[in-house]
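Every chain is numbered from 1 and lettered A, B, ... according to where its sequence line falls, protein lines coming before strand lines. Worth saying up front: this structure is predicted, and the values here are computed from it rather than measured.
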Amino acid sequence: MAGENPFHDSLRFERKVPECAVVIFGANGDLTKRKLMPALYRLAFERRLSPGFAVVGISRTAMSDEQFRDKMRESVQKFLEDSPFDENVWASFAQGLFYMAGNVDDPKCYTDLKQCLEGVEKQRRIGGNVLFYLSTQPSQYGPTATGIGEVGLNKGPGWRRLVVEKPFGHDLASSRELSATLQKVFLEEDLYRIDHYLGKETVQNILALRFGNGIFEPLWNRRYVSHVQITAAESIGVEGRGAYYQEAGALRDMIQNHLLQVMATVTMEPSASFQPNTVRDERAKLLRSVRVMRHDEVSKFSVAGQYGPARIGGETVPGFRQEQGVDPQSQTDTFAAATFFIDNWRWAKVPFYIRSGKRLPKRVTEISIQFHEAPHAVFGMNGLAEMALPNLLILRIQPEEGVSLKFLSKRPGTGMTLRPVSMDFNYGSSFGERSPSAYETLLLDAIIGDATLYTRQDMVEASWTVVEPILEVWQNSRFNFPNYAAGSWGPAASDIMIAQLGHVWRKP
Amino acid sequence: MVRPETILKELSNLWVDMGHEEQQEFDTAAAGVLRACAMTFVTIADESEDPSNLGETVAMLMKEHPSRSVLIRLRPTGEEVLESRVFAQCWMPFGQRRQICCEQIEITSSLASLDDIPGLVLPLAVADLPVILWSRSPRLFDMPAFPKIAAMCDKLIMDTGAFTYTEHAFNLLSTQLKGERLVADLAWSRITRWRETVAQIFVNDECLKALPTYSSAVVEYGSMKPKPEAFYLAAWLQNCSKKTVELKHTDGPAIVGVTLSAGGSCDVTIHSTDGGVEVHANRLATKTYFPEPSDYLALQEELSITSRDPTFDAAVPVALEFARKFQ
């Protein structure tokens, strides 16, 4: 390093990134087109990228640099959200786009890539910095990382980092195996396991709410919190991803990674600083504190569901088993709910209910923290019905990001009648500025070398450990699917699960 | 005669009316009006200014910086005039059922009634939130009532670009900077994109290492006399690079370009083009988009800054030195 940049103004400038090349394996895939390239273009538009920034796309399809640029331009124009497309910025950005056809199973791909990067270095002066992004089938993660290592591309004059998308294995053993393969090539600190939920502004805002304010933390424990509900609902079905989803299911696809990470963010202890490893240490510690169910507890504390056909809005929607590419006898969970407990002083005996599903009534992700009721009904019968309505703090992740606090207030009039009211903070309206997409945030972080919002292997292992008993029991069960109609809030068993402890699901 | 309590009562009635209208429309407690406020934003402008332009700027700012807005329009008459009206600025966020509204108070005051402004505005300020004063009228700064008006705010925003004499504007600004209150200049905010572009080049280690070897630094300006923006850019470059910066006239906008010469691969030229700049640095050429400079963008940036800006504070005396050379 040559010292501090005297021109930098942290008060007014956004974080700047060093020159580098992002090598995308699977450059012809959906993720590249829909998320990665629009995010990189947007960073260029926001003047965040250095002049020497380059992207090298790799996939099997034969294409010239020019054809790749045209294709990416089309994708960016199509998938760019809340942002204008500027011809000049694109022309400048596109100069740094390169393409290489290659099969990741063929060693030649990596020698070609080495040569390609040498050319890019000469043309763009990337300072030897390379971020490898695996946007491929998960089965190719290991071989690709090995291929990179075999030609020595994992080391160089600058930094070398590897970004992998979920799933990080399909169970604890395979996750460890994958990790061991990746760690043979890259140091753990250079491995960036992306969980795009953690890149969402509102998930990051949970940390701001908890640790930037003094008023919430004293209430944030078993003494005041009755239980917590985390809901991630999607109104759509599998939308052409039937074949993939059939292998994954809701528990693996959402709860094992995204929602357990969200739960960890809500419940972790404050970290000493906002350094990548201090925050991740706390998240990991929390995940290790989640009680692992015994096999005989699984049926009591978890529920699997699968949607059947229904009519929604005058239209017939197919059940999961009728979706394209799905086995008509599929036992895949399109809905999963579980009750978790965190075995530490702060959260002992507080139930955490997590549910996620497809074809639920609406698309919503939120965390609802329900506080204990007032200990004594001062207002007698007038307020009695309402007294059963507890205070709720709702952290809305999507679509209307924000925070709401529900409490009781006196109804206007001479009598002492109470009614629930809501105090809302709406993220979008309070900060009308455009929020960066999760991929913009996470790509920028990876290029800068800030892993705070990335998942570490110990966190991955801890969350697999939590869900593995459920997976094992479910794999050996024969469910009577479908057990919920598309457009409903999931199977009745999910209501029964939560009712065991005297609680009811919120209807977000 | 205008009384603060009357205005507050009118505001209160306004919210009640809006709440009723919304409830009648949706017949549900889930709808209704959401009230948002992060500051009291006081704007002082000459009455001759186009109120619709001003109103549009304030309304656009409301979305990012919801505030109780007080617009004071100065009428250039000697007789005492003080009038007010209240209204709400509302918008419906896309896909939502609840309107978000902010309060606006418009006060018309003659120059003779300026002394009454602080007594009227202070009771209207929202408790516990900062009061930001955007003074668009250069003549206000020279009026005897100005210190009292400025004293009511936590942050004063001026625009040296609106003054006829830049040196005079910088002198006034320097005086304000000596106080405790936060002070901002929109002319400084307008060069953020330029500064950011220069800073980005020096993220590169090679260019950063070459910084001591730069032999010349030039800021080109397009107007007959340099505008405050050009002075600021030169001052900032000089402070950061520790090199003497030259101001050079060329045809074009307020700032035409920046050149830093090291006699090698790290030569830097940034030239304005349509809608942005072209950057040549480290043997690479790139085009960067610059949004059209506007009061809205400059204010949006300034309203986000809630602490003293040491880079700006350091640039002002150097910019003043540059301005003196051009008088």
Side-chain angles (χ1 to χ4, degrees), chain A residues 1-19 44-54 82 84-93 95-96 122-127 129 158 399-400 402 419-426 428-434 448, chain B residues 29-30 34 36 38 60 62-66 91 93-96 98 100 189 192-193 195-209 211 236-237 239-242 265 273-276 278-290 300-301 304-305 307 309-312:
Chain A
M1 288 296 286
E4 279 205 9
N5 179 354
F7 297 98
H8 188 66
D9 182 350
S10 56
L11 196 62
R12 290 174 191 258
F13 302 167
E14 296 287 353
R15 294 180 300 170
K16 295 291 171 197
V17 305
E19 56 283 297
F45 183 83
E46 291 279 354
R47 303 169 297 279
R48 307 269 177 93
L49 301 180
S50 71
F53 183 79
D82 315 323
F85 180 84
D86 184 275
E87 289 291 346
N88 285 331
V89 175
W90 174 260
S92 198
F93 174 71
Q95 282 174 24
K122 278 185 194 144
Q123 223 177 311
R124 305 290 295 173
R125 300 162 67 87
I126 55 172
N129 302 323
E400 288 178 25
R419 76 168 182 193
V421 292
S422 171
M423 194 159 71
D424 290 329
F425 159 74
N426 188 304
S429 58
S430 296
F431 302 99
E433 297 160 55
R434 173 190 177 276
I448 289 169
Chain B
L34 190 64
M60 281 160 75
M62 286 285 186
K63 293 186 187 175
E64 283 120 58
H65 302 282
W91 66 95
F94 181 73
Q96 294 184 24
R98 187 179 290 202
I100 298 173
S189 329
T192 299
R193 306 284 165 255
R195 297 195 301 119
E196 206 174 14
T197 307
V198 173
Q200 177 65 64
I201 292 162
F202 290 92
V203 171
N204 178 290
D205 277 355
E206 209 178 316
C207 292
L208 190 55
K209 277 182 200 151
L211 189 57
W236 173 74
L237 269 178
N239 283 348
C240 297
S241 67
K242 313 288 179 216
S265 68
T273 57
D274 276 350
E278 198 166 301
V279 182
H280 291 263
N282 204 15
R283 295 194 203 117
L284 290 167
T286 49
K287 276 186 178 163
T288 300
Y289 161 78
F290 275 14
Q300 186 192 27
E301 183 177 319
S304 306
I305 294 172
S307 61
D309 179 350
T311 315
F312 169 63

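At least one side-chain heavy atom of A:F7 sits under 4.5 Å from a side-chain heavy atom of B:L237. Two residues are said to be in side-chain contact when any heavy atoms from C-beta on lie closer than 4.5 Å; A:R12 and B:S304 fail this criterion. A:H8 is not listed as a side-chain neighbour of B:F202, based on a closest heavy-atom distance of 4.5 Å or more.
For A:N88, the parts lying under 4.5 angstrom from a heavy atom of chain B are both the backbone and the side chain. Residue contact with chain A, scored on non-hydrogen atoms closer than 4.5 Å, involves the backbone of B:D274 exclusively. Both the backbone and the side chain of B:S189 come within less than 4.5 Å of a heavy atom of chain A. The parts of A:R124 that come within reach of chain B are both its backbone and its side chain, each placing non-hydrogen atoms under 4.5 angstrom from that chain. For B:E196, the parts sitting under 4.5 Å from any heavy atom of chain A are the backbone and the side chain alike. Residue contact with chain A, scored on non-hydrogen atoms closer than 4.5 Å, involves the backbone and the side chain of B:T192 alike.
Here the closest heavy-atom approach between residue A:S92 and residue B:A285 is recorded as OG-O, 4.5 Å. Taking all atoms of both residues into account, the shortest heavy-atom contact from B:L211 to A:P6 is CD2-CG, 3.5 Å. Between A:R47 and B:T288, the closest heavy-atom pair is CG-CG2, 3.1 Å. Listed here is the closest heavy atom pair of B:S307 and A:L11: OG-CD1, 3.8 Å.
Using cut-offs of 30° and 60° for the angle between ring planes, the B:W236 and A:F13 rings count as perpendicular.
Interface remark: of the candidates B:E278, B:R195, B:K242, B:R195 forms the most heavy-atom pairs closer than 4.5 Å to chain A. Top candidate by heavy-atom pairs under 4.5 Å with chain A, chosen from B:V279, B:D309, B:V198, is B:D309.
To the nearest 0.5 angstrom, A:E19 atom CD is 8.0 Å from B:C207 atom SG.
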* Take B:N204 and A:S50, measure what side-chain contact (heavy atoms from CB on, under 4.5 Å) needs, and give me the verdict at the end. => CA-CA 8 Å; B:N204 178 290; A:S50 71; over 6 Å; no

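Between the side chain of A:N5 and the backbone N or O of B:A199 there is at least one donor-acceptor pair closer than 3.5 Å.
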